[in-house]
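Here is how names work: the chains are called A, B, and so on, in the same order as the sequence lines, proteins then strands, and each is numbered from 1. Because the structure is a prediction, the values reported are computed rather than measured.
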Amino acid sequence: MTDTPVRVRFAPSPTGYLHIGSVRSALFNWLYARHSGGQFILRIEDTDQKRLVEDAVDDFTRGLRWLGCQWDEGPLVGGDYGPYQQSERLPLYQVWAEWLVEHGHAYRCYCTEERLEAMRQTQVANKEQSGYDRHCRILTPEQRAAHEAAGDPSVIRLAIEPLDGSTTFHDAIRGEITFDHSQLQDAVLLKSDGWPTYHLAAVVDDHLMGITHILRSDEWLSSAPLGVLLYQAFGWKAPVWAHLPVILNPNGKGKMSKRFAVGADGKAIPVLLKDYIAAGYLPEAMLNFLANIGWSLDGSTEVFTPEQAIAAFDIAAINPAPAAFPYEKLLWLNGIYIRQLDDDELYRRLLPFVAAGLGLDEAELAARPELRAAVPLIKERIKTLAEAAPMLTFLFEDGPLSYADPQELIGEKMDAAQTVTALQQTAAMLAALPAWDKESVETSLRELSERLGLKVRQLLHPVRTALTGSKVSPPLFEAVVILGRARTLARLAAAEAVLRDDKVSSKL
RNA sequence: GCCCCCAUCGUCUAGAGGACUAGGACACAGGCCUUUCAAGCCUGCGACAGGGGUUCGAAUCCCCUUGGGGGCACCA
């Protein structure tokens with residue numbers, strides 16, 4: 001345990017919606033905060049004005065809450081270390097950037113974009129190492145005065161020092177990591193418009209907000225020494241760094257991009273949390289799934305609660321290797337969680353999805369009895385909430401079904417005539433049934449199949465197809481009950497007629 | 001190109017020198033159950049990237065090679 005209370009943060013940039021990889025980073029931070037009884041802070045890093053996406057912050061807060069990772073400080077909830085939006089903290093960064101200049105750890109650079117671009121071109125042409133040539137680092141006081149007098153715009157750059165040294169820091173997942181200073185850039189800390197870059201803003205905020213552990217994506221590893229040097233320059237106590245392994249495309253090729261990901265079968269899969277939400281994944285499944293990428297509860301337990309994860313979470317146990325996104329496993333897990341829900345709860349969650357899938361108004365759907373009755377029938381058959389609607393359309397169709405291929409109505413090892421007879425008999429039997437419940441329907445149909453000398457599956461095939469429009473459907477006896485006697489008899493008659501017509505036409 | 005990180009079944013992982021005949025899970029294949037499809041249960045398939053060391057002993061430690069990933073902006 002640490003001597004000071006643990007404070008971790010998730011600091012997304014509102015340049016896009018919540019990416020599934022970011023969500024994993026947020027989750028690990030949250031798990032660690034809860035594990036150690038510390039605070040989880042949400043901070044918005046909106047220093048790139050050009051790429052701002054208007055409703056991104058809303059997407060972040062909704063996504064995090066959907067997952068169940070509530071932050072202790074940040075947007076919507078406040079806190080003692082605010083504001084939690086970097087655009088509202090500009091003076092802070094300017095003050096600290098100035099401080100660095102005054103203390104010789106940073107310097108103003110007056111290089112124009114044109115000069116920088118020309119320098120890059122030359123470096124590429126000569127196959128030299130790329131990077132800023134530190135032109136303005138060695139300006140004389142007179143030269144600086146001249147630039148200032150001329151009103152030339154400037155940025156503030158970090159002065160890497162010593163230039164021939166190296167920086168070593170400890171990563172809680174990977175151990176000691178050393179970077180030679182010859183590889184480091186005199187990175188821009190404050191842009192010419194007075195806004196900070198990530199390097200400055202993150203360090204200033206992490207320090208001012210009392211962040212003790214920085215768990216962030218592996219992509220930041222290369223710029224970590226900049227952060228270390230900055231903490232040193234400021235004379236601040238450095239936090240613990242832990243760089244989380246990146247998540248790769250499911251096919252293992254390249255990291256999952258902001259825009260799309262490639263599945264194992266080469267097809268695209270969603271990358272944004274909101275798309276997973278819309279596809280009908282459960283938050284409890286998503287949390288469980290994400291926690292299992294780069295970390296595991298005990299190596300053998302696949303399904304576990306947030307409480308279990310919190311209790312067992314350990315930064316040092318995180319696997320440093322990049323991981324392909326195991327999409328198939330998410331689907332499987334989601335199915336597990338769906339089956340764990342009780343029927344009323346599943347019904348509640350299904351409502352908006354089925355309404356959307358069927359093109360019905362949610363209130364209208366809720367007023368009907370079919371969906372609630374069908375929940376137990378589809379529970380074991382869906383892996384996402386969105387998959388329910390297509391299986392249930394036959395229950396909400398009030399008119400006759402269309403049978404694209406009448407041949408599909410014909411039962412196994414049966415002909416059209418036999419099928420017609422079977423459908424007729426079924427209709428007659430069901431019409432006369434005294435009670436309309438599952439047992440009565442099942443008993444009568446089983447008896448009928450015996451009487452007709454058919455296997456149950458043989459009889460049920462045409463009945464199923466006639467009633468549902470498909471060879472595949474939820475369990476038939478229950479479906480018949482939900483469908484009701486009127487629609488059942490109407491469909492049986494319609495199917496029989498279609499088969500007759502088809503038989504006639506094929507004989508002509 | 002340069003720097004950094006990583007390396008166990010197809011995939012997610014367990015394994016922190018002897019308990020490894022390398023465990024679990026997804027996927028896949030077969031079987032059972034069965035009114036279709038599922039679900040469930042059972043069985044099977046399947047890995048320590050390669051090469052050198054260190055050690056009585058290496059998946060575990062070191063080195064090299066190879067492979068994969070990430071980063072090299074007035075973006076984060």
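With A:Tyr132 as the aromatic partner, A:Arg157 meets the cation-pi criteria of under 6.0 angstrom to the ring centre and within 45 degrees of the ring axis. Cation-pi contact between A:Arg24 and A:Phe28: present, with separation from the ring centre below 6.0 Å and deviation from the ring axis of at most 45°.
Within the 4.0 angstrom heavy-atom criterion, base atoms lie near A:Glu302. Nucleic acid contact class of A:Asp193 (heavy atoms, under 4.0 Å, all strands): none. Looking at heavy-atom distances under 4.0 Å, A:Trp195 makes no contact with the nucleic acid at all. Using a 4.0 Å heavy-atom cutoff across all strands shown, A:Pro320 reaches sugar-phosphate atoms only and no base atom. A:Lys50 comes within 4.0 angstrom of the backbone, heavy atoms only, and of no base. The residue A:Val155 sits close to a base: some heavy atom pair falls under 4.0 Å. If you check every strand for non-hydrogen atoms under 4.0 Å, A:Ser222 touches a base. Here A:Arg174 lies in heavy-atom contact (under 4.0 Å) with sugar-phosphate atoms only. Using a 4.0 Å heavy-atom cutoff across all strands shown, A:Phe179 reaches sugar-phosphate atoms only and no base atom. At the heavy-atom level, A:Thr178 lies under 4.0 Å from the strands shown only through sugar-phosphate atoms. Among the atoms of the strands shown, only primed sugar atoms or phosphate atoms (P, OP1, OP2) are found under 4.0 Å from some heavy atom of A:Gly254. Among the atoms of the strands shown, none is found under 4.0 Å from any heavy atom of A:Lys379. Using a 4.0 Å heavy-atom distance criterion, A:Gln185 is classed as a sugar-phosphate-only contact. A:Pro196 comes within contact range of the sugar-phosphate backbone alone, with a heavy-atom separation under 4.0 Å but no base atom that close.
Rounded to whole angstrom, the span from the CG atom of A:Leu184 across to the P atom of B:rC3 amounts to 13 Å. Whole-Å rounding puts the A:Leu248 CG to B:rG68 P distance at 12 Å. Look at CG on A:Asn126: it is 16 Å from P on B:rC2, rounded to the nearest Å. Rounded to whole angstrom, the span from the NE2 atom of A:His135 across to the P atom of B:rC74 amounts to 16 Å. We find that CG of A:Leu189 is positioned 15 Å from P of B:rA73, with the value rounded to whole Å. Here the C1' atom of nucleotide B:rU35 and the CD1 atom of A:Ile482 are 15 Å apart, to the nearest Å. Rounded to an integer number of Å, the gap from A:Met256 CE to B:rG70 C1' is 16 Å. Rounded to whole Å, atom P of B:rA76 lies 14 Å from atom CZ of A:Arg9.
Contact of A:Ser223 with B:rG71 (side chain to base): no donor-acceptor pair of N or O atoms is detected under 3.5 Å. Checked by distance alone, A:Ser192 brings a side-chain donor or acceptor within 3.5 Å of a matching partner on the base of B:rC74. Side-chain atoms of A:Arg457 stay outside donor-acceptor range of the base of B:rU36, with no qualifying N/O pair under 3.5 Å.
With C1' as the reference atom, B:rA76 and B:rG18 are 48 Å apart, rounded to whole Å. Between B:rA16 and B:rA22, the two C1' atoms lie 15 Å apart (nearest whole Å). Only the C1' atoms considered, B:rC4 is 29 Å distant from B:rG17, to the nearest whole Å. The same atom, C1', is picked in B:rU60 and in B:rA47; the two are 15 Å apart, to the nearest Å. Between B:rU13 and B:rC75, the two C1' atoms lie 34 Å apart (nearest whole Å). The gap from the P atom of B:rC41 to that of B:rC48 amounts to 30 Å, rounded to the nearest Å. Between the C1' atoms of B:rG68 and B:rA49, the separation comes to 11 Å (whole Å). With both ends at atom C1', the span from B:rG52 to B:rC12 equals 32 Å, rounded to whole Å.
Just one of A:Thr197, A:Thr47, A:Asp205 meets the side chain to side chain donor-acceptor pair (under 3.5 Å) condition when paired with A:Tyr93; it is A:Asp205. Among A:Phe325, A:Tyr337, A:Tyr327, A:Trp332, the single residue meeting the ring pair (Phe, Tyr, Trp, His ring centres under 6.0 Å) criterion with A:Phe289 is A:Phe325.
Heavy-atom distances to RNA chain B give each of A:Phe477 and A:Lys329 a nearest nucleotide, and the one nearer the 5′ end belongs to A:Lys329. Positionally, the nearest nucleotide of RNA chain B for A:Tyr327 lies more toward the 5' end than for the other of A:Glu219 and A:Tyr327.
The aromatic ring centroids of A:Phe313 and A:Trp295 lie less than 6.0 Å from each other.
Closest contact between the side chain of A:Leu476 and the listed nucleotides B:rU35, B:rA76, B:rU36 involves B:rU35.
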inquiry  = Between A:Leu331 and A:Tyr281, does the side-chain contact (heavy atoms from CB on, under 4.5 Å) criterion hold? Intermediate values first, please.
reply    = CA-CA 8 Å; A:Leu331 215 48; A:Tyr281 288 91; 3.1 Å; yes
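By the neighbour-count criterion of 12 heavy atoms within 6.0 Å, atom CD of A:Glu113 is sparsely surrounded, having that number or fewer from other residues, nucleotides or ligands.
In this entry B:rC26 has B:rG10 as its Watson-Crick or G-U wobble partner, both defining distances falling under 3.5 Å.
Counted by atom type alone, A:Glu45 and A:Gln86 present one or more donor-acceptor pairs between their side chains at under 3.5 Å.
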